[in-house]
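Residue numbers start from 1 in every chain, and the chains themselves are labelled A, B, ... in the order their sequence lines are given, proteins ahead of strands. Side chains are part of it too, since the values below use all heavy atoms of this structure and drop only hydrogens, waters and symmetry mates. Note that the coordinates shown come from a computational prediction; the quantities given were computed from them, not determined experimentally.
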Amino acid sequence: MIKVTNVSYKISNVFELQDINLSISPGVHHLLGPNGAGKTSFLNLISGLCAVDKGSIFIGNLEVDPLNLRALSKVRAYLLQKQVAHFALTVKGMLAITLSLTENEVENLCIDNIIINGLDLKPLLNRVITGLSGGETQRAHLARVLIHCAQDINPACCLLLDEPFTGLDVAHKLWLNQYLSHLGKKIAIIISHHELNLALNLAQPCIIINKGRIHSVLSDSRDIEITTLLDVFNLPKHALIETNEGILQIIGI
Amino acid sequence: MPTNNRNIYIALLSLISVTVLAIYYGGISASSINPFNLSKIESVIIYELRIPKILTAILVGACLSLSGHLFQILLSNPLAEPGLLGVSSLSSLFIILGAALFSYLNIRYDVFFLVLSSSLGGFIAVSIIFQLAKVLGQYSSAALILSGISLTTFISALTSWLIFYSENDQLRTFNLWLLGSFEHVTYAQLIFISSVAVICGVTAMYKSNDLNLLYLGDQNANLYGVKVNRLRKYMLIVASALAACAVALGGVIAFIGLLVPHATRMKFGHDNRLILPMLVINGATCMIIIEWISRTSMSLQLPLGLVTATIGGPFFLLILFKHFKNQGL
């Protein structure tokens with residue numbers, strides 16, 4: 001569903017993404033790698049925020065190109081790592097703007113919506129986004145992005161999330177994982193994050209990226225090898241244990 | 001949306017009633033006029049003196065508040081205002097330079113040239129500020145505002161020097177106009193400038209969905225399909241043209257471009273589809289009231305800038321205390 005062919009992208013004079021070839025089908029894909037590996041730049045390229053220097057990216061039949069922004073916005077949603085807020089919009093107002101609805105229509109939409117309920121957004125609807133705590137901000141923007149991908153509202157086929165777990169409390173993290181696993185049956189999802197234990201637990205595809213290159217692509221994240229964890233993530237050996245079920249885990253995080 | 005429609009009707013109604021009041025009530029020095037029994041002098045007073053001023057007030061208020069709101073969105077900075085960014089001051093400098101040039105060449109300083117030179121000044125101010133802010137710190141809002149303030153200060157000083165040393169009587173009259181005054185506005189000026197303003201306003205309203213998405217930051221707007229750089233360029237031209245219209249009519253009037261958008265957004269939300277028409281109405285209402293106060297409260301006409309600064313300063317502090325503490329702007 002997402003096809004990345006021979007993509008290169010120069011980030012700075014000393015760092016670039018090189019020779020990326022990937023084919024991503026529906027499902028939840030974990031994008032893992034240490035800080036500065038190029039995860040966010042990679043997501044920026046797929047979303048069309050940045051233009052590739054070489055190569056091509058397709059989402060479905062649509063080429064990712066800054067000229068196609070309007071069409072792209074219908075088929076993919078992308079949660080940025082950092083959100084900026086200079087104006088005191090209410091959460092409801094933000095949803096109204098992004099969905100091109102009036103505030104009353106948003107209220108009706110929120111009455112019995114799985115995403116709004118799952119992220120417990122109802123008490124936040126009338127709060128302003130500049131006055132929310134970190135986790136609340138993340139929930140509000142997550143809801144905005146997830147609603148953009150809700151198949152009954154907008155049949156997008158690609159969801160990109162850059163560190164969606166930042167600031168979320170445990171209950172919402174759990175809900176998000178369940179929701180994404182469910183949604184992943186229909187659309188391609190790429191999540192960049194640092195929750196290695198989570199990835200090691202779930203039998204979901206994962207892409208490991210390091211120093212601007214794809215290190216490995218695995219169809220089952222439980223197959224991540226010890227050497228990968230030691231080399232790519234610079235973990236000390238004594239931090240790794242194997243559970244009784246044979247799953248690798250990192251202790252102390 | 002019935003509630004929002006009702007809000008617009010209420011705002012319109014208050015605009016109309018304020019207009020009517022301002023036309024008929026004269027204040028301390030002038031008498032009130034009975035609308036149903038106009039003598040010859042009274043009709044001259046109304047049609048030649050009061051109505052042009054009130055129409056100017058409507059136009060200036062609408063232009064200033066729209067342009068302030070647009071600058072605030074486009075520069076992602078709730079503190080932006082044409083007066084603060086140097087747009088107003090450079091516009092007025094260009095008007096004065098234009099007047100000097102035209103009187104030197106012995107050509108009539110037509111309203112078209114007035115607006116043209118004023119707009120030119122506005123565009124130049126915006127581009128200078130953009131360049132400065134780019135060099136200083138990647139368009140950060142602090143860089144934008146600080147470069148705007150330094151530009152304003154410098155240009156105002158330059159204008160004062162110019163007026164101070166000029167022999168020309170015409171230039172000296174500009175001194176009064178610089179503080180904000182609706183004297184000498186003619187119907188011809190009103191018609192031309194209002195058509196420019198209407199075009200700008202309609203363009204902004206046409207783009208209100210895209211402007212809405214800018215609230216979420218450039219990158220998010222981009223993700224929702226807005227070509228941010230292009231939108232910003234065109235809308236900055238629209239915003240500075242609106243500011244230039246206001247300056248060409250009434251000189252530099254501070255605070256309206258900051259106060260009215262803030263108050264309107266706090267009361268009616270941020271959705272541009274609703275807010276833009278609301279801003280036009282509220283800006284006009286505010287400006288009529290200010291013009292009316294300046295005309296009626298004392299036996300001599302007060303400069304408008306004086307009235308806006310006197311009322312605006314404390315009022316703005318009040319708004320800040322009420323909303324800034326836990327919400328931000």
Side-chain angles (χ1 to χ4, degrees), chain A residues 40 43-44 46-51 66-107 126-133 137 140-141 144-145 148 154 156 158 160 162, chain B residues 1-5 7 69 71-80 139-142 144-145 208-231 261-262 265-275 319-320 322-329:
Chain A
T40 298
L43 291 178
N44 283 349
I46 297 182
S47 67
L49 266 188
C50 302
L67 294 175
N68 292 343
L69 273 180
R70 192 70 72 173
L72 272 173
S73 70
K74 299 272 184 293
V75 298
R76 60 102 179 84
Y78 178 20
L79 177 76
L80 293 169
Q81 190 174 0
K82 271 192 205 140
Q83 307 292 346
V84 289
H86 300 286
F87 291 89
L89 270 82
T90 57
V91 173
K92 203 199 310 176
M94 177 175 81
L95 293 176
I97 282 169
T98 53
L99 293 166
S100 294
L101 297 175
T102 63
E103 295 204 354
N104 287 348
E105 285 168 331
V106 170
E107 252 170 40
N126 288 316
R127 300 258 305 271
V128 294
I129 53 174
T130 43
L132 297 178
S133 77
T137 310
H141 285 278
R144 167 174 70 76
V145 171
H148 196 71
N154 177 38
C158 167
L160 311 168
D162 198 355
Chain B
M1 224 180 323
T3 44
N4 287 338
N5 280 340
N7 285 334
H69 177 70
F71 275 124
Q72 284 154 25
I73 297 182
L74 295 170
L75 306 178
S76 336
N77 191 329
L79 294 177
Y139 305 112
S140 83
S141 35
L144 269 171
I145 290 298
S208 51
N209 272 322
D210 288 0
L211 288 170
N212 273 342
L213 289 167
L214 275 188
Y215 284 131
L216 301 179
D218 285 10
Q219 286 197 315
N220 272 326
N222 232 315
L223 288 173
Y224 281 101
V226 180
K227 292 197 173 86
V228 173
N229 289 338
R230 211 167 72 179
L231 178 76
H262 273 286
R265 283 199 300 260
M266 276 162 191
K267 191 91 185 67
F268 302 104
H270 285 68
D271 193 338
N272 282 306
R273 290 168 291 184
L274 166 77
I275 273 290
I319 290 183
L320 277 182
K322 218 170 157 199
H323 291 270
F324 195 69
K325 262 191 294 186
N326 45 14
Q327 299 193 330
L329 301 163

- Evaluation steps, side-chain contact (heavy atoms from CB on, under 4.5 Å), between Val84(A) and Ser76(B): CA-CA 10 Å; Val84(A) 289; Ser76(B) 336; over 6 Å; no
- Task: Take Arg144(A) and Leu216(B) through the test side-chain contact (heavy atoms from CB on, under 4.5 Å) and record every step on the way to the result.
- Result: CA-CA 11 Å; Arg144(A) 167 174 70 76; Leu216(B) 301 179; 4.1 Å; yes
- Run the numbers on Thr90(A) and His270(B) for side-chain contact (heavy atoms from CB on, under 4.5 Å), then give the verdict. CA-CA 8 Å; Thr90(A) 57; His270(B) 285 68; over 6 Å; no
- Query: Where do Asn44(A) and Gln219(B) land on the side-chain hydrogen bond (donor to acceptor under 3.5 Å, both in side chains) test, with the steps shown first?
  - Reply: CA-CA 10 Å; Asn44(A) 283 349; Gln219(B) 286 197 315; 5.1 Å; no
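A salt bridge does not link Asp271(B) with Lys92(A): every distance from a Lys NZ or Arg NE/NH1/NH2 to an Asp or Glu carboxylate oxygen is 4.0 Å or more.
Considering only heavy atoms from C-beta on, Leu223(B) comes within 4.5 Å of Ser47(A) through its side chain. Between Val226(B) and Leu69(A), every side-chain heavy-atom pair lies at or beyond the 4.5 Å cut-off.
Interface remark: Leu72(A) contributes no atoms to any contact with chain B (heavy atom separation under 4.5 Å). Contacts between Leu67(A) and chain B at a heavy-atom distance below 4.5 Å involve the backbone alone (N, CA, C, O).
Counting heavy-atom pairs closer than 4.5 Å to chain B, the top-ranked of the candidates Arg76(A), Glu105(A), Arg127(A), Lys74(A) is Arg76(A).
Here the straight-line distance linking atom CG of Leu213(B) with atom OG of Ser100(A) works out to 7.0 Å at 0.5 Å rounding. Atom CE of residue Met94(A) and atom CG of residue Asn220(B) lie 9.0 Å apart, to the nearest 0.5 angstrom. Taken to the nearest 0.5 Å, the CG atom of Leu274(B) stands 9.0 Å off from the CD atom of Glu103(A). Expressed to the nearest 0.5 Å, how far CG of Leu211(B) lies from CD1 of Ile97(A) amounts to 10.5 Å. The CG atom of Asn77(B) sits 7.5 Å away from atom CZ of Phe87(A), with the distance rounded to the nearest 0.5 Å.
Outside the 6.0 Å centre-distance limit, the rings of Tyr215(B) and His86(A) are not counted as a close aromatic pair.
The minimum heavy-atom distance between Gly225(B) and Ser73(A), with the atom names listed, is N-CB, 3.8 Å.
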